[in-house]
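Here's the structure, in structure tokens; my notes come after.
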2 protein chains.
Amino acid sequence: MSLPHAILTALLEKPSSGLELTRRFDKSIGYFWSATHQQIYRELGKLEQAGHIRALPAPVPARGQKKEYEVLPAGLVELTTWVARSEDPKPLRSSLLLRMRAAAMVGSTGLRAELERHLALHQAQLDEYLVIEARDFPAARPRPEPDRLRHLVLRGGIDLERFWVEWLTHALAELGGE
Amino acid sequence: MSLPHAILTALLEKPSSGLELTRRFDKSIGYFWSATHQQIYRELGKLEQAGHIRALPAPVPARGQKKEYEVLPAGLVELTTWVARSEDPKPLRSSLLLRMRAAAMVGSTGLRAELERHLALHQAQLDEYLVIEARDFPAARPRPEPDRLRHLVLRGGIDLERFWVEWLTHALAELGGE
DNA sequence: CTTGCCATGTAACCGGTTACATGATTTT
DNA sequence: AAAATCATGTAACCGGTTACATGGCAAG
């Protein structure tokens, strides 16, 4: 049940329409909780019904017309209690690790190319994160808590990509020429 | 579309019944592709229908009776081609990172306890992996390829847990007393 | 002969994914 | 006025989750 809270967070940062949310998900919150525009519209409807958000009054409400949403006090309460809520981490699901395990049974033919492809993807994502870090979090400390928290989140993304890059590099070396 | 291939791999390692598979998932393949017994029975049905596996003939087939499955040649082909197949990594989904991002907007009250809980969980998982590594992969190299691949998979799990342990430790330090 | 466990399932639901539909606005 | 783009949606599907049902078998 994380998507509604992802949306509440995004709307708190800045009231937005569905499409704007979709775009911001693509380059920010979506880095660790992605969503398509269909999901977002569906969820906005539910959140409005629940009284957690409301559509800002539009001059002429109509289909195909932009609708801006903002968070209501009830939504703020919901998000605040959710932050303190406890939830187990979902078990890992990696089809790449699974593939490697299968390769141990049926041979690793063709696996190398896939590892190289993933390495490039993770390296690219890492580079993207590092650019954001340099832009949004230049040296200078200490910082106010909100900034520290946002930086920690980004750090998580960075270190996770670094893990993949290192593991894939190691795996390719270990696999040897095929 | 990974579950069927996880099952094929497990059945190649050793022909099993549905419940046996469920148990083996809980302590091996399930570390990176978990499944409940309902999923497994459903998938076994599909795989049998597709001609990828077959139930070994039982003396008295009946409901509530154990059914052993084995992989058929078609299943082996399917798994082999799947290993070489290319598939993008699913985008990361971490409700913990999301929670921290929300905390940057509404305050981090109650977050510390959750971080500590996750730290303990990941530390426990890491310890479990390390025991398995010591048991199944004692020093001595070089090794045949299948063993190298299985060890790489386990290494992935280990390094991933290490990442979480380190990041959570860092986050707790950075968060400071609350 | 009841309790508990082994083993195989069915049913309902839910979030995420993919494909498509529709209206409004801007560009050419 | 046709084409492209912005913006909001509907519908169908699919894998994973939760709750429950059913039968066989062994222990006390």
Side-chain angles (χ1 to χ4, degrees), chain A residues 1-8 11 15-26 29-50 53-56 58-69 82 87-95 98, chain B residues 1-8 11 15-26 29-50 53-56 58-69 82 87-95 98:
Chain A
M1 277 285 301
S2 292
L3 180 57
H5 303 102
I7 292 179
L8 285 173
L11 286 182
S16 309
S17 67
L19 199 61
E20 278 166 16
L21 276 179
T22 306
R23 298 230 172 84
R24 288 172 49 208
F25 263 66
D26 283 344
I29 288 196
Y31 285 139
F32 42 89
W33 203 277
S34 59
T36 62
H37 79 273
Q38 292 89 341
Q39 273 179 282
I40 288 174
Y41 284 121
R42 198 205 283 175
E43 204 60 46
L44 283 171
K46 286 188 202 169
L47 283 167
E48 188 176 23
Q49 200 123 27
I53 62 173
R54 66 159 188 163
L56 295 178
V60 186
R63 191 189 167 97
Q65 215 63 7
K66 200 161 89 163
K67 258 199 286 187
E68 288 247 315
Y69 290 93
W82 179 76
E87 190 176 349
D88 284 341
K90 309 170 311 176
L92 170 62
R93 281 235 164 91
S94 164
S95 66
L98 192 60
Chain B
M1 277 283 302
S2 291
L3 180 57
H5 303 101
I7 292 179
L8 285 173
L11 286 181
S16 307
S17 67
L19 199 61
E20 279 167 13
L21 275 179
T22 306
R23 298 229 173 85
R24 288 172 51 207
F25 263 66
D26 282 343
I29 289 196
Y31 285 139
F32 42 89
W33 203 276
S34 60
T36 62
H37 79 272
Q38 292 89 339
Q39 273 180 281
I40 288 174
Y41 284 121
R42 197 204 284 174
E43 203 61 45
L44 282 171
K46 286 188 203 168
L47 283 167
E48 189 175 22
Q49 201 122 29
I53 63 173
R54 64 159 189 165
L56 295 178
V60 185
R63 191 189 168 98
Q65 215 65 7
K66 201 162 89 163
K67 258 199 287 187
E68 288 248 315
Y69 290 93
W82 178 76
E87 191 176 348
D88 284 341
K90 310 170 309 178
L92 170 61
R93 281 237 163 90
S94 164
S95 64
L98 192 59

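Computed over heavy atoms, backbone and side chain alike; hydrogens, waters and symmetry mates excluded. Numbered from 1 within each chain, the chains take letters A, B, ... in sequence-line order.
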* Asked: Once you round to the nearest 0.5 Å, how far does OG1 of B/Thr36 lie from CZ of B/Arg42?
  -> 8.0 Å
* In whole angstrom, what separates B/His37's NE2 from C/dT8's P? -> 10 Å
* Residue B/Thr36, side-chain atoms from C-beta onward, closest of D/dG9, C/dT8, D/dT18 -> D/dT18
Pairs under 3.5 angstrom, nitrogen or oxygen only, protein versus nucleotides 13-16 of chain C, please.
{"unit_1": "C/dG16", "atom_1": "OP2", "unit_2": "A/Gln39", "atom_2": "NE2", "d": "2.9"}
{"unit_1": "C/dG16", "atom_1": "O5'", "unit_2": "A/Gln39", "atom_2": "NE2", "d": "3.2"}
{"unit_1": "C/dG16", "atom_1": "N7", "unit_2": "A/Arg42", "atom_2": "NH1", "d": "3.3"}
{"unit_1": "C/dG16", "atom_1": "N7", "unit_2": "A/Arg42", "atom_2": "NH2", "d": "3.4"}
{"unit_1": "C/dG16", "atom_1": "O6", "unit_2": "A/Arg42", "atom_2": "NH2", "d": "3.1"}

* Structure fact -> Output for pair (B/Ile53 CD1, B/Leu44 CG), nearest 0.5 Å, gives 4.5 Å
* **Member of B/Arg24, B/Lys66, B/Glu68 meeting the side-chain hydrogen bond (donor to acceptor under 3.5 Å, both in side chains) criterion with B/Ser16** => B/Arg24
* A/Arg23 CZ - D/dT8 C1' separation (whole Å) -> 12 Å
* Asked: About how many Å separate CD of A/Gln39 and OG of A/Ser34, when rounded to the nearest 0.5 Å?
  -> 7.0 Å
* **Separation of atom CG in A/Asp88 from atom C1' in D/dT18, rounded to whole Å** => 16 Å
* **Spacing of CD belonging to A/Glu43 relative to CG belonging to A/Leu21, to within rounding of 0.5 Å** => 11.5 Å
* Length of the line joining A/Gln38:CD and D/dA7:P, which is rounded to integer Å -> 16 Å
* To do: Look at the side-chain N and O atoms of B/Tyr41 and state whether any lies under 4.0 Å from the OP1 or OP2 oxygen of C/dG9.
  => no
* Specify the separation, in whole Å, of atom OH of A/Tyr69 and atom C1' of D/dT8. => 9 Å
* To do: May I have the distance from A/Leu44 (atom CG) to D/dG9 (atom P), rounded to whole angstrom?
  => 8 Å
* Starting from P on C/dG23, measure out to NZ on A/Lys67 and report it in whole angstrom. => 16 Å
* Value in whole Å for how far the P atom of C/dT17 lies from CD1 of A/Ile40 -> 11 Å
* To do: Test B/Trp33 against every option in A/Pro91, A/Ser94, A/Ser95 by the side-chain contact (heavy atoms from CB on, under 4.5 Å) rule and name the one that passes.
  => A/Ser95
